[in-house]
Amino acid sequence: MTLSYELHGPEDAPVLVLLHGMGAASDGSSWRPVIPLLAADHRLVVPDLRGHGASGRPGTYRLAEMADDVARLLDLLGVGRAVVVGHSMGGIVAIVLAQARPDLVGGLVVEDSPPPPPASAPPVDVSPPYRPGGPEDYDQDVRPAVLRETSQHDPAWARRLGEITVPALVIGGGPGGVDQEALSALAARFPAGTMTTIDAGHTVHGARPADFVAVLRDWLTG
């Protein structure tokens, strides 16, 4: 597995890992609005998750595999402890990483990530994607693979949220984001979890980067 990544900021600064969401417009470059606001005093590790951007497309896209890719990257870089920030799908990858490698994750930030749906929710369409032909910005097999896990009513990663005892911050995007009540319930399941809302829609860090960074910094120093 080949993982593409960028590094920003001083080598000896506290490490922030930024994990993007899913889709053609989502790879490490989606964090560009906040990178200049954080890189002065943080070491930023910004990967393209498997199937996205310049990273490999192995055809298998389980959340545990994505989390393991990130863990192996941090081990390779000699990172002993980091705060992991994940947007949407990346937030769930961050949760799985914190459960699998608690030694690596000193704090967790989940930005508008979809909580497990209620039992009454209709099934999600995970049929194979239509392929128009020609080059694609990401492997479209990612979507059905990830939806199979994220649309489960009671997935293992959600049942194990209580294992994550480090400080955890859930950032909701308001009415334009995912279900905010469900996000609040998600935050309450972390032993040291809190939630805040920035009315910006699903991609908070892209729509309101200064506000996103202000909330993140306040939480980091709180």
Colleague: Ion pair present between Asp41 and Arg217, side-chain N to carboxylate O less than 4.0 angstrom?
Modeller: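 A salt bridge is present here (some side-chain N lies under 4.0 Å from a carboxylate O).
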Colleague: To the nearest 0.5 Å, how far apart are OG in Ser26 and NE2 in His20?
Modeller: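 NE2 of His20 is found 7.0 Å from OG of Ser26.
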Colleague: Quick one: pull up CG in Leu108 and OG1 in Thr165 and give me the separation to the nearest 0.5 Å.
Modeller: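 The OG1 atom of Thr165 is 11.0 Å from CG of Leu108, to the nearest 0.5 Å.
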Colleague: Going from CD1 on Ile198 to CG on Leu216, what distance comes out if it is rounded to the nearest 0.5 angstrom?
Modeller: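 Reported to 0.5 Å precision, the distance equals 9.5 Å.
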Colleague: Can you see which heavy atom on Val204 is nearest to which on Gly173, and at what distance?
Modeller: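 Of all heavy-atom pairs spanning Val204 and Gly173, the closest is CG2-CA, 3.6 Å.
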Colleague: Should we say atom CZ of Arg72 is surrounded by more than 12 heavy atoms from elsewhere, each under 6.0 Å from it?
Modeller: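 No - once you tally the heavy atoms of other residues, nucleotides and ligands closer than 6.0 Å, there are 12 at most.
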Colleague: Is any NZ, NE, NH1 or NH2 atom of the basic residue among Arg101 and Asp68 found under 4.0 Å from an Asp or Glu carboxylate oxygen of the other?
Modeller: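 No salt bridge links Arg101 with Asp68.
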Colleague: Answer yes or no: does atom CZ of Arg43 have more than 12 heavy-atom neighbours from other residues, nucleotides or ligands under 6.0 Å?
Modeller: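 Count over threshold, so yes.
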Colleague: Picking from His87, Glu65, Met66, what satisfies side-chain contact (heavy atoms from CB on, under 4.5 Å) with Val93?
Modeller: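 Single pass found, and it is Met66.
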Colleague: Once rounded to the nearest 0.5 Å, what's the spacing between atom OG1 of Thr196 and atom CZ of Phe212?
Modeller: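 Here the rounded value is 11.0 Å.
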Colleague: Rounded to the nearest 0.5 Å, how far does CG of Leu63 lie from CG of Leu49?
Modeller: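 The CG atom of Leu49 sits 10.0 Å away from the CG atom of Leu63.
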Colleague: Can you confirm whether Ser88 sits close enough to Pro114 that some side-chain heavy atom of one is under 4.5 Å from a side-chain heavy atom of the other?
Modeller: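 Of all side-chain heavy-atom pairs linking Pro114 with Ser88, at least one is under 4.5 Å.
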Colleague: For Val45 and Leu74, run side chain to side chain contact (heavy atoms under 4.5 Å, CB included): C-alpha distance rounded to whole Å, both residues' side-chain angles, the deciding distance at 0.1 Å, then the answer.
Modeller: CA-CA 8 Å; Val45 180; Leu74 296 180; 4.3 Å; yes
Colleague: Are side-chain N/O atoms of Asp112 and His202 paired as donor and acceptor at under 3.5 Å?
Modeller: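 The answer is yes; a qualifying pair exists.
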Colleague: Going through the checks in order, is the side chain to side chain donor-acceptor pair (under 3.5 Å) test met by Asp139 and Tyr61?
Modeller: CA-CA 10 Å; Asp139 190 340; Tyr61 300 109; 2.6 Å; yes
Colleague: More than 12 heavy atoms of other residues, nucleotides or ligands under 6.0 Å from CZ of Arg32: yes or no?
Modeller: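 No, CZ of Arg32 has 12 or fewer neighbouring heavy atoms, counting only those of other groups under 6.0 Å.
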Colleague: Roughly how far, to the nearest 0.5 Å, is CG of Leu7 from CG of Leu44?
Modeller: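 CG of Leu7 is found 9.0 Å from CG of Leu44.
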Colleague: Does the side chain of Asp27 pick up a donor-acceptor pair with the side chain of Tyr138 at under 3.5 Å?
Modeller: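 Judged by distance alone, the side chains do not pair up.
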Colleague: May I ask you to check whether Trp31 and His205 place their ring centres under 6.0 Å from each other?
Modeller: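 Aromatic pair counts; centres sit under 6.0 Å.
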